[in-house]
Amino acid sequence: MNAVLAVLTRELRLALRSRMDWMLPLLFFVMVVLLFGLGARPNDPVLAGFAPSILWVGALLSMLLTLDRLFRADYEDGSLEQLCLAEAPLTLTVTAKLTAHWLLTGLPLVLLAAPLALALQMPTSGLAALVLGLALGTPVLSFVGGFAAALTVALPRAGLLLPLLVLPLLAPVLIFGAGAVRAALGGLDAAAPLYFLAAVLVLCITLIPWAAAAALRNAFE
């Protein structure tokens with residue numbers, strides 16, 4: 001547990017030194033949502049109907065911006081190899097890095113989602129499903145994206161390959177996340193899609209650290 005806290009603290013300290021790198025996804029998310037609003041007609045009721053999809057796609061694309069450097073910087077300066085050789089289990093180290101990635105990118109997006117949804121004139125009846133869905137779905141984006149980043153860490157120009165690997169895997173999260181909001185807006189029960197997102201999150205937390213750790217070890221063989 002001390003190793004996990006040490007890695008988590010290290011990631012947060014590194015992020016404080018390069019704040020602009022971690023602010024970029026938030027700015028991108030806000031700009032994407034606002035550009036959709038500016039591109040629509042004033043007070044267009046259709047915009048509110050598309051708001052769940054706009055917010056979820058914006059969150060997905062924003063988090064993709066930071067995935068390539070999740071392991072690459074440590075791989076290039078040699079610290080990732082040291083982490084692989086350390087006594088602490090690599091799975092816990094990977095879990096700490098993925099958790100730090102969500103705290104730095106996913107959590108701010110969750111907090112920004114409600115005010116941006118109101119800017120898109122989305123009714124307040126869907127806000128709870130939107131925020132809860134993003135709170136369950138954005139960690140899945142970090143874990144699945146982290147696994148793809150581990151697979152491609154030793155490849156040149158992996159930044160171009162990463163979105164092609166990640167986007168198809170995250171399509172169900174996008175479908176059920178936006179679907180939960182649309183169900184709430186339509187007066188239906190949004191519990192079923194939210195339960196699905198929770199189940200996927202538990203599955204990711206259970207399996208992906210082991211798979212990502214194996215991919216990282218393979219990068220040094």
* Asked: In Å and rounded to the nearest 0.5 Å, what is the CG to CG distance from Leu47 to Leu120?
  -> 5.0 Å
* Structure fact -> Residues Thr105 and Pro25: closest non-hydrogen pair is CG2-CG, 4.4 Å
* To do: Please report the closest heavy-atom contact between Leu70 and Gly146, naming both atoms and the distance.
  => CD2-CA, 3.6 Å
* Side chain to side chain, Pro52 and Met122, heavy atoms closer than 4.5 Å -> yes
* Heavy-atom closest contact (Leu197 atom, Gly177 atom, distance) -> CD1-CA, 3.9 Å
* **Which residues share a side chain to side chain contact (heavy atoms under 4.5 Å, CB included) with Val202, sequence neighbours left out** => Thr206
Under 3.5 Å, side-chain donor or acceptor atoms of residues 28-36 against the rest of the protein: list the pairs with distances, not counting sequence neighbours.
none

* Summary of salt bridge (Lys or Arg N to Asp or Glu O under 4.0 Å) pairs that have at least one residue in residues 123-149, sequence neighbours excluded -> none
* Taking all atoms of both residues into account, what is the closest heavy-atom pair of Ala190 and Ala180, and its distance? -> CB-O, 3.4 Å
* **Worked check of side-chain contact (heavy atoms from CB on, under 4.5 Å) between Leu130 and Leu134** => CA-CA 6 Å; Leu130 173 67; Leu134 285 171; 4.0 Å; yes
* Looking only at heavy atoms, which two atoms of Leu151 and Ala215 are closest? And how far apart? -> CD2-CB, 3.8 Å
* To do: Report the C-alpha distance between Thr124 and Leu118 in whole Å, list the side-chain angles of each, state the deciding distance to 0.1 Å, and finish with yes or no for side-chain contact (heavy atoms from CB on, under 4.5 Å).
  => CA-CA 7 Å; Thr124 56; Leu118 294 176; 3.9 Å; yes
* Structure fact -> To the nearest 0.5 Å, atom CD1 of Ile208 lies from atom OG1 of Thr91 at 13.5 Å
* Check against side-chain contact (heavy atoms from CB on, under 4.5 Å), Leu165 and Leu161 -> CA-CA 7 Å; Leu165 292 175; Leu161 179 62; 4.0 Å; yes
* To do: Taking side chain to side chain contact (heavy atoms under 4.5 Å, CB included) as the test, write out the residues that go with Glu76, two or more places apart.
  => Arg72
* **Pair listing, ring pair (Phe, Tyr, Trp, His ring centres under 6.0 Å) test, anchored in residues 45-72, at least two apart** => none
* Asked: Taking only residues at least two apart or on different chains, which pairs with a member in residues 210-219 satisfy side-chain hydrogen bond (donor to acceptor under 3.5 Å, both in side chains)?
  -> none
* Asked: For Ala154, what residues pass the side chain to side chain contact (heavy atoms under 4.5 Å, CB included) criterion, not counting sequence neighbours?
  -> Tyr75, Ala219
* Nearest 0.5 Å, what's the CG-CG distance between Leu64 and Leu167? -> 5.0 Å
* Asked: Other than Leu203, what residues sit in its cluster of Ile, Leu, Val, Met, Phe, Trp and Tyr side chains whose heavy atoms are under 4.5 Å apart, directly or through others?
  -> Leu207
* To do: Please name all residues satisfying side chain to side chain contact (heavy atoms under 4.5 Å, CB included) with Ile205, sequence neighbours left out, ordered by chain then number.
  => Phe143, Leu201
* Using the side-chain hydrogen bond (donor to acceptor under 3.5 Å, both in side chains) rule, collect all pairs that involve residues 131-145, keeping only residues at least two apart or in two chains. => His101-Ser142, Trp102-Thr138
* Name of the residue among Thr66, Leu65, Leu67 meeting side-chain contact (heavy atoms from CB on, under 4.5 Å) with Arg69 -> Thr66
* Structure fact -> Heavy-atom closest pair (Pro108 atom, Leu26 atom, distance to 0.1 Å) is CB-CD2, 3.3 Å
Donor-acceptor pairs under 3.5 Å, side chain of residues 8-16 to any protein atom, not counting sequence neighbours: which ones?
| unit_1 | atom_1 | unit_2 | atom_2 | d |
| --- | --- | --- | --- | --- |
| Thr9 | OG1 | Leu5 | O | 2.7 |
| Arg10 | NH2 | Asp74 | OD1 | 3.0 |
| Glu11 | OE2 | Lys97 | NZ | 2.7 |

* Structure fact -> dist Leu85:CG -> Leu80:CG (nearest 0.5 Å) comes out at 9.5 Å
* Asked: If you round to the nearest 0.5 Å, how far is CG of Leu61 from CG of Leu141?
  -> 10.0 Å
* Asked: Are Leu164 and Leu174 joined in one hydrophobic group, where the rule is that I, L, V, M, F, W and Y side chains link up if heavy atoms are under 4.5 Å apart?
  -> no
* Does Ser62 reach the side chain of Leu109, with side-chain heavy atoms less than 4.5 Å apart? -> yes
* Structure fact -> To the nearest 0.5 Å, atom CG of Asp68 lies from atom OG1 of Thr152 at 6.5 Å
* What pairs of residues pass the ring pair (Phe, Tyr, Trp, His ring centres under 6.0 Å) test when at least one of them lies in residues 176-196, not counting sequence neighbours? -> Phe176-Phe196
